[in-house]
Amino acid sequence: MAGCSIVEHIAGVGFDSEQFEKARESKILELQYRAAQKLEKRMQDNSQILQSDFNLILDDSFLNKLLDRYENASGLLDESTDYIIKDIKAELFNGSAIASVKLSAHNESHNVDVDLIMDCLILIEQEKQDLVLKIEPFNIAPTTVTKGLYFAVKETINKIIKLNLANLNKNLPPLKIPLNIQDKIIIPGTKSEIASKINLTINNPKRLIKYNLKIIDILFLEGQIIVGLELDKIEVES
Amino acid sequence: MNTLIEVKIRICKIFICSICLGLFYSCSSVELPTIEDSVSKISMYKEKLNEVNNIINTKSNTKFSDKEVTVLVRKEMINAIFSSLSKDRKEDLEIIFRKTKNIIKDDVKVLGIEYTNYVDIDSGAVQLDLKSIKLINMMKDKISTVVEIEGNGKIAISAKHTGIGASVKSGIELYLKDTIEFKVESSKISEIILRPIPKKLNLKTKFSVEILKWKVPWRENIDLELADIISPITVPMNISTEVSLPYPQKNKKPGEFNYIPYMLKLFDSKVSILNENLTWEANFNIINKK
């Protein structure tokens with residue numbers, strides 16, 4: 001019985017949380033800095049923001065309201081580890097957007113419960129008429145262990161971090177947001193009978209202005225995303 | 001005997017510990033920087049990031065709106081859309097002349113006999129070409145444009161001169177150049193409405209015809225109500241009304257997802273003109289479509 005106490009003693013302490021936390025903070029800051037540096041260089045060449053024909057500005061709450069829908073979503077990290085998303089929050093910085101996903105993972109074969117935090121880069125691209133949000137995990141770190149023996153915890157964490165980081169984006173497919181931005185304007189037709197010095201009937205036929213917008217620029221600034229679009233094609237139909 | 005058992009137990013403990021330690025170290029560990037290394041990098045990147053952010057924030061003057069979604073449409077794009085209306089077609093507007101009596105009337109006395117000379121328009125049609133529509137100003141809640149329209153057509157005229165009647169067809173020219181203003185409004189269902197501000201437009205009309213050796217030059221400025229020509233224009237702002245979000249599933253393989261449809265509902269919209277940009281702002285909710 002006394003021997004069990006050795007194992008109990010070390011249960012749930014399978015990692016140095018401070019070391020992970022600091023490494024994570026450093027990695028995120030480095031990424032933010034590199035992205036901000038690129039943006040600053042770009043702005044040196046062309047400091048004009050919002051020079052596109054059509055600018056769509058999304059507040060960070062736009063992203064977060066979409067991402068909130070993933071709270072309590074579950075899935076598999078691998079065949080023996082399932083997870084549930086406890087919280088997901090995106091922050092917009094100058095040059096980058098980072099989402100932090102808090103996961104509770106359970107490894108069935110080692111009977112380990114571990115809370116993880118996964119940091120992801122948010123990329124925005126255009127696919128045809130859709131605005132596509134891609135979430136690319138770049139960092140995963142354990143935060144707390146709620147159940148499991150030392151060696152099992154360590155192995156589970158190692159496995160998740162070392163083996164799964166590259167595959168995690170398979171769990172995070174692109175979010176497609178159809179960008180049906182007012183691509184047609186109807187000019188209503190009129191017909192007026194005028195009785196004046198000259199009796200006239202004026203026919204102004206209905207017209208449909210159809211146009212396409214294409215994304216030419218996506219800019220991350222503090223607290224907002226700016227999607228710059230330009231007029232690609234415009235035609236008028238009767 | 002008890003001592004022997006205790007010794008055995010201690011040997012067992014040491015053995016178990018050795019196995020555990022062996023297992024710990026046999027696991028490949030994640031290579032993490034030391035806390036000191038990370039703390040030093042954090043301090044360095046924070047300082048550099050502050051510097052860069054200050055430069056960017058000064059240049060970008062970032063906060064454009066308090067709403068969650070903002071659309072800024074530049075003057076050039078609105079001009080391009082307006083201009084598209086004047087391209088490609090020559091028949092933008094049709095004016096039909098209906099029977100109008102006595103567009104010219106003249107009472108004369110010839111050899112003591114009184115006559116009423118007159119000209120009637122019997123019918124006619126003119127196809128008008130929208131030559132140009134140019135945005136000239138965007139201020140407060142108004143968009144001002146200059147519109148130029150012209151066209152030629154035929155009219156049928158009947159006339160009576162000194163008691164003798166005749167009919168003839170003549171060419172007619174119409175021309176209009178005027179300022180048209182639109183008030184910019186927001187509707188409750190996420191639309192921008194361009195409402196023409198009522199005014200009278202001046203349509204210049206002229207024809208010249210010789211009928212019964214009577215030369216009839218005719219010019220007339222016809223007042224038209226703008227509302228008779230242009231109705232309010234509605235520009236829908238349906239930015240992504242529906243989105244399907246993919247969800248990974250425990251009982252599915254990685255890469256297989258369930259898609260759940262949601263509606264993006266825009267509300268609380270307002271429209272204004274700011275620095276020559278048409279600015280439309282709104283908040284939004286995301287609601288389950290099922």
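Order of the sequence lines fixes the chain letters, A, B, ..., with proteins taken first and strands second; residue numbering starts at 1 for each chain.
For B:Ile222, the part lying near chain A is the side chain, with the backbone staying farther off; criterion is any non-hydrogen pair under 4.5 Å. For B:Thr34, the part lying near chain A is the backbone, with the side chain staying farther off; criterion is any non-hydrogen pair under 4.5 Å. Using a 4.5 Å cut-off between heavy atoms, A:Arg24 makes no contact with chain B at all. Both the backbone and the side chain of B:Ser231 come within less than 4.5 Å of a heavy atom in chain A. Neither the backbone nor the side chain of B:Asn50 comes within less than 4.5 Å of any heavy atom of chain A. In this structure, chain B has heavy atoms under 4.5 Å from both the backbone and the side chain of A:Ile198. For chain A, no part of B:Glu225 is nearby; none of its heavy atoms comes within less than 4.5 Å. Both the backbone and the side chain of B:Ile95 come within less than 4.5 Å of a heavy atom of chain A.
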Worksheet item: Is there a side-chain contact (heavy atoms from CB on, under 4.5 Å) between A:Asn203 and B:Leu93 once you walk through the steps?
Response: CA-CA 6 Å; A:Asn203 284 326; B:Leu93 196 70; over 6 Å; no

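In this structure the side chain of B:Leu224 reaches within 4.5 angstrom of the side chain of A:Ile194, judged on heavy atoms. A heavy-atom distance below 4.5 Å is found between the side chains of A:Met43 and B:Ile56. Taking the side chain as every heavy atom from C-beta outward, A:Lys27 and B:Tyr45 never approach each other to under 4.5 Å. No side-chain heavy atom of B:Val69 sits under 4.5 Å from any side-chain heavy atom of A:Asp59. Under the 4.5 Å side-chain criterion, counting only non-hydrogen atoms from C-beta, A:Ile185 is in contact with B:Ile233. Proximity of B:Asn57 to A:Asn94: side-chain heavy atoms (C-beta onward) are separated by under 4.5 Å at one or more points.
For the set B:Ile55, B:Ile230, B:Asn277, the count of heavy-atom pairs under 4.5 angstrom toward chain A peaks at B:Ile55. No other option in B:Thr70, B:Asp37, B:Val126 has as many heavy-atom pairs under 4.5 Å with chain A as B:Thr70. Heavy-atom pairs under 4.5 Å with chain B peak, among A:Glu40, A:Lys197, A:Arg69, A:Lys22, at A:Arg69. Between chain B and the residues A:Ser52, A:Ser196, A:Ala73, the most heavy-atom pairs under 4.5 angstrom are made by A:Ser52.
In this structure a side-chain-to-backbone donor-acceptor pair under 3.5 Å is present from B:Thr100 to A:Asn199. Of the possible donor and acceptor atoms, one in the side chain of A:Ser192 sits under 3.5 Å from a partner among the backbone N and O of B:Asp228. Checking side-chain atoms of A:Ser26 against main-chain N and O of B:Ile42 turns up no donor-acceptor pair under 3.5 Å.
Looking at B:Lys46 and A:Glu25, a side-chain N of the basic residue comes within less than 4.0 Å of a carboxylate O on the acidic one, giving a salt bridge. Between B:Asp92 and A:Arg207, at least one side-chain nitrogen of the basic residue sits less than 4.0 Å from a carboxylate oxygen of the acidic one, meeting the salt-bridge criterion. Contact check on B:Arg98 versus A:Glu193 returns a salt bridge, with a Lys/Arg side-chain nitrogen under 4.0 Å from an Asp/Glu carboxylate oxygen.
Once rounded to the nearest 0.5 Å, the distance linking CG of A:Leu200 with OG1 of B:Thr205 reads 7.5 Å. To the nearest 0.5 Å, atoms CZ (B:Phe284) and CG (A:Leu66) are separated by 5.0 Å. The distance from the CG atom of B:Leu72 to the CD1 atom of A:Ile57 is 4.0 Å, given to the nearest 0.5 Å. Here A:Thr190 contributes atom OG1 and B:Ile229 contributes atom CD1; the two are 7.5 Å apart, rounded to the nearest 0.5 Å. Of the inter-residue distances, the one linking B:Glu36 atom CD with A:Gln19 atom CD reads 9.0 Å to the nearest 0.5 angstrom. Between the CG atom in A:Asp53 and the CE atom in B:Met77 there is a gap of 6.5 Å [rounded to 0.5 Å].
In plain terms, the two heavy atoms of A:Ala36 and B:Asn53 that are nearest each other are CB-OD1, 4.2 Å. Scanning both residues, A:Lys65 and B:Glu68, for their nearest heavy atoms gives NZ-OE2, 2.9 Å. Heavy-atom minimum distance, B:Ala80 versus A:Leu231: CB-CD2, 3.7 Å. Considering all non-hydrogen atoms of both residues, A:Tyr33 and B:Leu49 come closest at CA-CD1, 3.4 Å.
Annotation: B:Lys99, atom NZ; neighbour count of heavy atoms from other residues, nucleotides and ligands within 6.0 Å is above 12. Residue B:Lys41 places its NZ atom among 12 or fewer non-hydrogen atoms of other residues, nucleotides or ligands, all under 6.0 Å distant.
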